[in-house]
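The figures here come from the full heavy-atom set of this structure, side chains too, leaving out hydrogens, waters and symmetry mates. Since the structure is predicted, the reported quantities are computational estimates derived from the model, not experimental observations.
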Amino acid sequence: MDVNLESAPSELKKTSRCFLGQRHIVVIIGFFNTFLIQSNRLVLGVGIAAMEKHKQANETSERISSDFSCPLPSLPAITVAVSNLQGEFDWSAELQGYVLAAGFLGYLITQSPAGWLADSVGSKPLLVFSNCLTGLFVIISPLAARWHVYALMAVQFLRGASQGITNPAIFKMLSHWIPRTERGTLNGISVCGFPVGIAIGGMVTGLLSDIPGLGWPSAFYMWGTVTVLLAIVTHFIYYEHPVINPWITDEELKFITNGLETKVPQKPPPTPWKKIFASVPVYAYFYGLFGDCWGIAYFLTVQPTYMGTMLHFSINEV
C-alpha cells in the first residue's frame with residue numbers, strides 16, 4: 001500500500017514538546033500485540049495443568065513410564081502444594097502434546113502469506129482482523145475442550161494461524177512509523193512484549209485457574225476478551241501512515257518522514273533462493289534461531305505441565 005508522504009492534511013498542526021509522540025503510541029500497540037501473542041499461547045500451556053486429571057502413581061505397583069511422577073512427601077510436617085481444583089479431562093500425555101503443538105503449527109503456516117498480504121493491504125486491517133479471530137478462538141476454547149479434544153486441537157490450530165497473521169503485521173506497522181535513528185530502541189521495546197507476556201501471562205493464568213467458582217475457563221475468557229479489546233482500540237487509534245494521522249504534530253511528522261527509507265523500490269528484487277540455501281551463515285543462523293524457538297516453546301508448553309503433574313506444584317505456582 002503506497003501513500004504519498006507529501007499529501008499531509010492542510011490544517012496546521014501544533015508543535016508539541018511532549019515526550020510521548022504518535023510513534024510511541026504505535027510502539028505501545030506493538031508491545032501489547034506481542035504481549036498477547038505469548039499470553040494467548042501460555043493460557044493453554046498453563047491451563048492444561050488444571051484441565052487434566054492428575055493421578056499419583058502408586059510407588060509399589062507396576063507403573064508406565066509416561067505416568068511416572070515424583071512421590072508426594074510422606075512426612076506430615078511437610079505441606080504439599082496442591083491445587084484447589086481437580087481437572088475434568090482424562091487425556092494421555094501424547095494427546096496433550098498434540099493439543100499443545102496444534103497452535104504452533106498454525107502459527108508457522110500463516111507467517112509468510114501474512115507478510116505478503118501486509119505489503120498489499122497494510123498492517124492495520126491485518127492487526128484488527130487477526131486479533132479479533134485470536135480472541136474469539138481463545139474464548140471458545142473451553143467449549144471446544146468440553147465438546148471433544150479434537151475440537152480443541154482445531155480451535156488451537158486456528159488460534160495459532162490467526163496469530164501468525166499478527167506477527168508480520170506488527171513489523172510492517174513499525175516500518176511505517178519508526179525512523180532509522182530510533183529503530184533499535186523502539187523496535188526493541190515493541191518486541192519486549194514477548195518475554196513480558198510469558199512472565200505475566202503465566203502468573204495471571206495460574207491465579208485465575210485456581211480460583212474456586214472460576215477455574216481454568218476464566219483464564220481463556222479473560223485473555224480472549226482483552227485481545228478483542230486490543231483489536232477495537234487498534235481500529236480507532238492506529239493510522240497506517242504518519243501522514244494521515246490527524247493528531248501528529250508537524251515536528252514529529254517531519255522527524256519520522258526524514259528518517260524513513262525513501263529509496264525502497266516499488267517492486268522488490270527476486271528472492272535469491274539458491275544463494276540462501278547454499279549459504280553456511282544462513283544455516284548457522286537457522287540453527288541458532290531454532291534453538292531459541294525450541295526453548296521458548298518448552299517454557300510455554302512442557303514446563304508448566306511437568307511442574308504441575310510431575311513435581312506437584314499448584315496451578316498458581318507453575
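Contact check for Ile37 versus Ile170: side-chain heavy atoms found under the 4.5 Å cut-off. Between Glu240 and Ser123, some side-chain heavy-atom pair lies under the 4.5 Å cut-off. Residues Val226 and Leu36 meet the side-chain proximity criterion, which asks for heavy atoms closer than 4.5 Å. Within the 4.5 Å cutoff, the side chain of Met51 has heavy atoms near those of the Trp91 side chain. You'll find the side chain of Val27 reaches within 4.5 Å of the side chain of Ile178, heavy atoms only. Under the 4.5 Å side-chain criterion, counting only non-hydrogen atoms from C-beta, Arg146 is in contact with Pro217. Under the 4.5 Å side-chain criterion, counting only non-hydrogen atoms from C-beta, Val228 is not in contact with Leu136. Counting heavy atoms from C-beta outward, Ser141 and Arg159 have side chains that stay 4.5 Å or more apart.
Gln163 contributes atom CD, which lies 10.5 Å from atom CD1 of Ile165 (distance to the nearest 0.5 angstrom). Considering CD1 of Ile256 and CD1 of Ile248, their distance stands at 4.0 Å, rounded to 0.5 Å. Expressed to the nearest 0.5 Å, how far CG of Leu100 lies from CD1 of Ile48 amounts to 4.5 Å. Atoms CG and OH, from Leu143 and Tyr221 in turn, are 7.0 Å apart once rounded to the nearest 0.5 Å. Annotation: the span from Thr227 atom OG1 to Met222 atom CE amounts to 9.0 Å, rounded to 0.5 Å. With rounding to the nearest 0.5 Å, the separation of CG in Leu174 from CD1 in Ile29 is 10.0 Å.
Of the possible polar contacts, one joining the His148 side chain to the Tyr150 backbone as a donor-acceptor pair under 3.5 Å is found. Side-chain N or O atoms of Thr110 include one that pairs as donor or acceptor with a backbone N or O of Ala161 at under 3.5 Å. Between the side chain of Thr234 and the backbone N or O of Leu230 there is at least one donor-acceptor pair closer than 3.5 Å. Between the side chain of Thr34 and the backbone N or O of Phe31, at least one donor-acceptor pair lies under 3.5 Å. Proximity of a side-chain donor or acceptor of Glu252 to a complementary backbone N or O of Arg23 within less than 3.5 Å is detected. Using a distance-only test at 3.5 Å, with no hydrogens or angles considered, a donor-acceptor pair links the side chain of His24 to the main chain of Gly21. Panel note: side chain Ser175, backbone Lys172; a donor-acceptor pair is recorded below 3.5 Å. At distances below 3.5 Å, not a single donor-acceptor pair connects side-chain atoms of Thr205 with backbone N or O atoms of Gly202. Thr257 contributes a side-chain N or O that, together with a main-chain N or O of Lys254, makes up a donor-acceptor pair within less than 3.5 Å.
Looking at every heavy atom in both residues, Ser162 comes nearest to Phe137 through OG-CD1, 4.2 Å. Considering every non-hydrogen atom in both Ile139 and Pro142, the closest pair reads O-CD, 3.2 Å. In this structure, Leu127 and Tyr238 approach most closely via the heavy-atom pair CD1-CE2, 4.4 Å. In plain terms, the two heavy atoms of Ser218 and Gly215 that are nearest each other are OG-O, 2.6 Å. Of all heavy-atom pairs spanning Ala114 and Gly164, the tightest one is CB-O, 3.8 Å. The two atoms that bring Ala231 and Cys132 nearest to each other are CB-SG, 3.6 Å, heavy atoms only.
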- Message: If you apply the rule side-chain contact (heavy atoms from CB on, under 4.5 Å), what do you find for Asn187 with Arg183, and how did you get there?
- Response: CA-CA 6 Å; Asn187 283 0; Arg183 194 168 293 164; 3.3 Å; yes
- Query: Does the side-chain contact (heavy atoms from CB on, under 4.5 Å) test come out yes or no for Phe255 and Glu182, once each step is laid out?
  - Reply: CA-CA 11 Å; Phe255 175 72; Glu182 296 183 335; 3.7 Å; yes
- Message: Quick one, Phe277 with Val282, criterion side-chain contact (heavy atoms from CB on, under 4.5 Å). Give me CA distance, side-chain angles, the key distance, then yes/no.
- Response: CA-CA 7 Å; Phe277 288 113; Val282 167; over 6 Å; no
- Evaluate the side-chain contact (heavy atoms from CB on, under 4.5 Å) criterion for residues Tyr98 and Val149: first the C-alpha distance (whole Å), next the side-chain angles of each, then the deciding distance (0.1 Å), finally the verdict. CA-CA 10 Å; Tyr98 289 137; Val149 63; over 6 Å; no
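Linking ILVMFWY residues whenever their side-chain heavy atoms come closer than 4.5 Å, directly or via other members, leaves Leu126 and Trp116 in distinct clusters. One hydrophobic cluster, built from ILVMFWY side chains closer than 4.5 Å, cannot hold both Val128 and Val121; they sit in different ones. Cluster membership check: Leu20 shares its hydrophobic cluster with Val233, using side-chain heavy-atom separations under 4.5 Å among Ile, Leu, Val, Met, Phe, Trp and Tyr. If you chain together hydrophobic residues whose side chains sit under 4.5 Å apart, Val280 and Ile276 never meet in one group. With hydrophobic clusters built from ILVMFWY side chains whose heavy atoms lie under 4.5 angstrom apart, Ile140 does not share a cluster with Trp147.
In this structure, the ring of Tyr239 has its center no less than 6.0 angstrom from the ring center of Trp177.
Below 30°, between 30° and 60°, or above 60°: for Phe32 and Phe35 the angle between ring planes is above 60°, a perpendicular geometry. A tilted orientation is assigned to the rings of Trp294 and Phe290, their planes being inclined by 30° to 60°.
A donor-acceptor pair shorter than 3.5 Å can be found between the side chains of Asn167 and Tyr107.
In Tyr283, the OH atom is crowded: over 12 heavy atoms of neighbouring residues, nucleotides or ligands sit closer than 6.0 Å.
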